[in-house]
Amino acid sequence: MTLERYNPGACETRWQQVWTDRETFTTRTDEAGEKYYVLEMFPYPSGRVHMGHVRNYTMGDVVARFKRARGFNVLHPMGWDAFGMPAENAAMANKIHPRSWTYDNIAVMRDQLKSMGLSLDWDKEFATCDVEYYTCQQQLFLDFLDAELAYRRKSTVNWDPVDQTVLANEQVIDGRGWRSGAEVEQRDLTQWFFRITAYNDELLEALDSLERWPEKVRVMQKNWIGKSRGIEIPFQLTDPLDGCENIPCYSTRPDTLRGASFIAISADHPLAKTLENTSPELAEFCAKCRKLGTSEEALEKAEKLGFDTGLVVRHPVTPDILLPVWIGNFVLMDYGTGAVFGCPAHDQRDLDFARKYNLPVRNAFVMPDADRDVENEALVPSKSEQVLFKDHFTGITLATSQEAIDKTIDWFEEKGLGIGMIKYRLRDWGISRQRYWGCPIPVIHCESCGIVPVPRADLPVELPDDVTFEKPGNPLDHHPTWSQVKCPTCRGDARRETDTMDTFVDSSWYFARFTSPRAKTPTEPEVVNRWLPVDQYIGGIEHAILHLLYSRFFTRAMKATGHLDLDEPFAGMFTQGMVVHETYQKPDGGWATPDEVTISETENIRSAILNETGEKIEIGGIEKMSKSRRNTVDPSDIIETYGADTARWFMLSDSPPERDIIWTEAGIEGAWRFVQRLWRLVHDTHGKATYDPVPADLDGPALELRKTAHRTLALVADNIEGLRFNRSVAHIYEFANALTAVLGDKANPSQNLAPVLGEAVRFLILGFGPMMPHLGEECWRAIGGDGLLVDQQWPEIDQNLMQDDTITIAVQVNGKRRDELTIARDMAKEDIEKAALALGNVVRDIGDRPVRKVIVVPNRIVNVVA
RNA sequence: GCGGACGUGGUGGAACUGGUAGACACACAAGACUUAAAAUCUUGAGGAGCUGAGCUCCGUGCGGGUUCGAGUCCCGCCGUCCGCACCA
């Protein structure tokens with residue numbers, strides 16, 4: 001009979017329906033089996049699923065399905081990170097309410113995700129903009145407030161005076177608002193903060209326990225927290241100003257104090273603000289500094305500028321040396337004391353500054369072998385390198401900077417001239433957003449009672465529906481009645497807080513909520529403690545710092561307030577790479593989509609033509625799929641054409657999951673052909689394979705095939721466990737090639753091949769099942785397998801089949817491969833040596849040189865040194 | 001600027017703790033099947049050389065080093081990418 005092509009369109013929806021009807025993926029906490037919680041970062045409902053989601057969710061699904069097959073009780077939920085600015089931007093642009101825009105998008109994307117055949121428990125689904133969810137978040141906020149983990153203070157923000165809104169750093173382009181084009185101001189607003197710094201040491205220390213996290217993510221978090229030991233030294237002003245007698249400076253390099261030649265303070269330093277009142281030029285300079293923005297990057301990249309305040313301080317060790325006080329545009333008020341001493345000889349930035357403003361350059365130390373003064377390059381050896389200090393006040397001469405730093409701090413503390421201290425770069429987390437589409441902060445401002453938390457009985461503070469986006473600013477502020485409220489304490493007229501929470505708050509505890517998504521309280525402790533931590537979390541590297549750090553903080557804060565009982569939310573973390581695609585640039589500079597061009601290749605030279613006009617078009621760089629470059633491919637188009645399994649297989653093939661994957665038409669077609677090939681291969685075993693027990697005494701091709709089957713499944717399992725999906729894929733290919741070869745071998749003498757073939761084809765289906773689940777079910781049914789594939793356990797691997805009795809090792813002469821040797825496994829060293837030296841190629845290559853040494857690494861290699 | 005990662009054939013990538021570099025796939029070429037095309041199957045291939053089916057030399061971004069042996073470890077460069085606190 002002729003075999004019909006595998007038709008994913010019909011099969012995939014059918015199997016998805018079967019899984020849904022049987023509630024295959026509905027998780028119950030009380031079910032048997034060790035728990036396994038696999039989670040992919042939930043998507044922002046932007047409108048359509050993109051290829052990055054396909055990759056992310058495919059990986060998670062392979063892990064989830066594999067762990068199910070391994071007997072675990074798997075929790076694999078999905079939801080929506082649904083608050084955020086794009087909904088408000090859409091509201092402004094298209095007059096759609098953010099709520100309907102968001103829920104409409106969710107409906108579309110849910111269908112798209114369902115078409116991928118993911119083993120998700122959709123009963124657990126929620127969106128962070130659901131009232132039930134943000135009500136719980138408001139409860140958490142109130143608990144944090146009680147625990148003094150939430151508080152209010154002033155802080156500086158980027159303010160767009162036209163749009164009347166706070167801007168993200170990325171929304172400030174060349175000092176102007178991205179939408180309005182207005183010059184951005186730095187404004188002090190009173191804002192809500194979470195006291196993440198209460199845990200800074202703990203968040204740092206615990207990083208070492210996160211063994212299944214990528215090293216680079218841990219390093220990034222470590223640097224972000226930025227623990228440093230330094231000293232705070234007050235520099236005495238020669239003439240006190242407004243009662244201020246000294247300027248405390250924080251430094252991590254007090255060993256360079258001898259070279260100090262100026263003090264630089266932030267434009268936001270209290271002294272600078274005082275001086276602004278008396279000097280218009282200085283005020284203007286400070287205003288210019290503030291325009292630089294609030295990002296560290298902007299500060300560091302900008303040209304270093306200063307303004308001499310005319311104030312003078314004394315050097316703390318040698319009081320007759322006087323240092324000028326400058327305002328520097330590179331000094332951050334938020335870090336340390338907002339004032340630093342400049343040491344040009346040992347800091348390039350300070351050196352540039354000193355040369356520009358003609359300030360002295362004095363070495364604190366020199367290299368032991370080169371006693372030279374610094375000219376145009378600062379001397380910045382590593383802290384562990386020995387240097388020669390010049391008349392150091394503690395008497396140090398030859399020492400490392402680290403030793404000198406420690407000694408200097410001790411010296412200052414003894415004399416009472418300064419205080420050694422540990423500082424962190426990590427700042428408290430500002431959560432106030434002057435926006436509509438977010439979780440309202442549940443507090444009330446009362447003129448007589450101050451800040452009053454909304455009583456828990458009055459929760460939720462719901463977002464009003466009737467808002468307008470025509471006026472600039474926060475719609476909650478413009479609402480005629482929403483913010484008017486009676487004070488819960490004194491019953492007088494009061495005003496609701498109109499700030500909403502940063503959307504990072506929403507995503508900082510959703511993983512806990514998934515364990516009891518319908519509970520009235522944020523979590524149910526018995527349930528959440530049963531499921532957490534997440535055993536495998538998968539998402540983009542862009543979240544390596546903030547989202548993960550905030551979630552780690554939230555878990556601790558929720559522990560402190562009794563919502564759960566652990567510190568670290570994610571036991572295993574994996575960051576996957578992006579999906580990238582070629583770009584096609586038209587002669588007029590515009591971009592063409594992949595659909596609009598046809599690629600041809602001759603003699604390894606690729607060229608593209610624009611379908612519409614037939615003209616040649618330039619193939620541009622390979623870049624992250626983005627709307628602006630128009631190099632996106634819509635997952636739904638791919639699934640419609642090739643099926644979900646083909647898309648999933650391609651996503652797993654070739655590229656290591658942590659690296660970027662290049663989406664190509666050729667690649668997806670290759671995956672498609674393999675899907676068809678597997679389908680044919682399974683059918684070709686019909687009539688040749690039996691499903692009886694495999695006899696114990698096998699030999700020849702039957703034994704070889706059986707070894708391949710068992711080894712492949714062991715390797716596939718191992719590589720899925722290690723999240724090396726591309727290698728699992730390669731082993732499936734090799735297995736399929738081996739099976740094809742056996743089936744094609746007409747003169748096969750083995751008596752016992754039929755049951756071995758049966759086992760092999762079963763193993764093959766079980767092996768690719770987690771990756772291509774629909775094809776797997778279809779094949780499983782075709783061979784008459786019991787029940788559903790999805791309910792099968794991963795097969796037992798026979799350890800006796802893992803190793804061959806004979807092995808082939810390479811034989812080198814002087815490190816160059818000259819021959820190979822097939823020998824019994826674990827043969828004695830002396831015997832291997834003898835056999836190697838007898839090889840023809842080896843004898844010839846050595847010639848009449850004496851054999852000086854023979855290195856034998858058993859089961860690996862022989863190297864003859866002659 | 002600071003911090004981090006990466007660099008292997010025409011392409012994506014394999015190579016476990018230093019032990020046969022290029023598994024597997026894509027693309028390509030030749031052949032089979034076909035009226036033809038598609039699909040499918042078979043075969044080939046890192047580069048250079050040698051009167052040639054075997055062997056030699058070169059080869060993992062570049063330059064050094066350690067070692068019997070380096071894609072892998074160390075030092076110094078070059079290049080590409082990512083993050084930098086209100087995008088999610």
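Small disclaimer: the values here were computed from a predicted structure and weren't measured. Naming convention: chains lettered A, B, ... in sequence-line order (proteins, then strands); numbering from 1 in each chain.
Contact annotation: Arg727(A) side-chain N/O to rA23(B) OP1/OP2 distance is not under 4.0 Å. Close to rC26(B), at under 4.0 Å from its OP1 or OP2, lies a side-chain N or O of Arg673(A).
At a threshold of 4.0 angstrom between heavy atoms, the contacts of Asn737(A) are confined to the sugar-phosphate backbone, with no base atom among them. Residue Gln191(A) is in base contact, counting any heavy-atom pair closer than 4.0 Å across all strands shown. Using a 4.0 Å heavy-atom criterion, one finds that Trp429(A) contacts no nucleic acid atom at all. Contacts of Asn863(A) with the nucleic acid, taken as non-hydrogen atoms under 4.0 Å apart, include base atoms. Val166(A) comes within 4.0 angstrom of a base, heavy atoms only. Nucleic acid contact for Ile545(A): sugar-phosphate only, since backbone atoms but no base atoms lie under 4.0 Å from a heavy atom of the residue. Base engagement by Phe504(A) is indicated by at least one non-hydrogen atom pair under 4.0 Å involving a base atom.
Two rings, from Trp663(A) and Phe650(A), have their centers less than 6.0 Å apart. Aromatic rings from Tyr537(A) and Trp213(A) are positioned such that their centres are separated by 6.0 Å or more.
rC74(B) and rG1(B) have their C1' atoms separated by 28 Å, given to the nearest Å.
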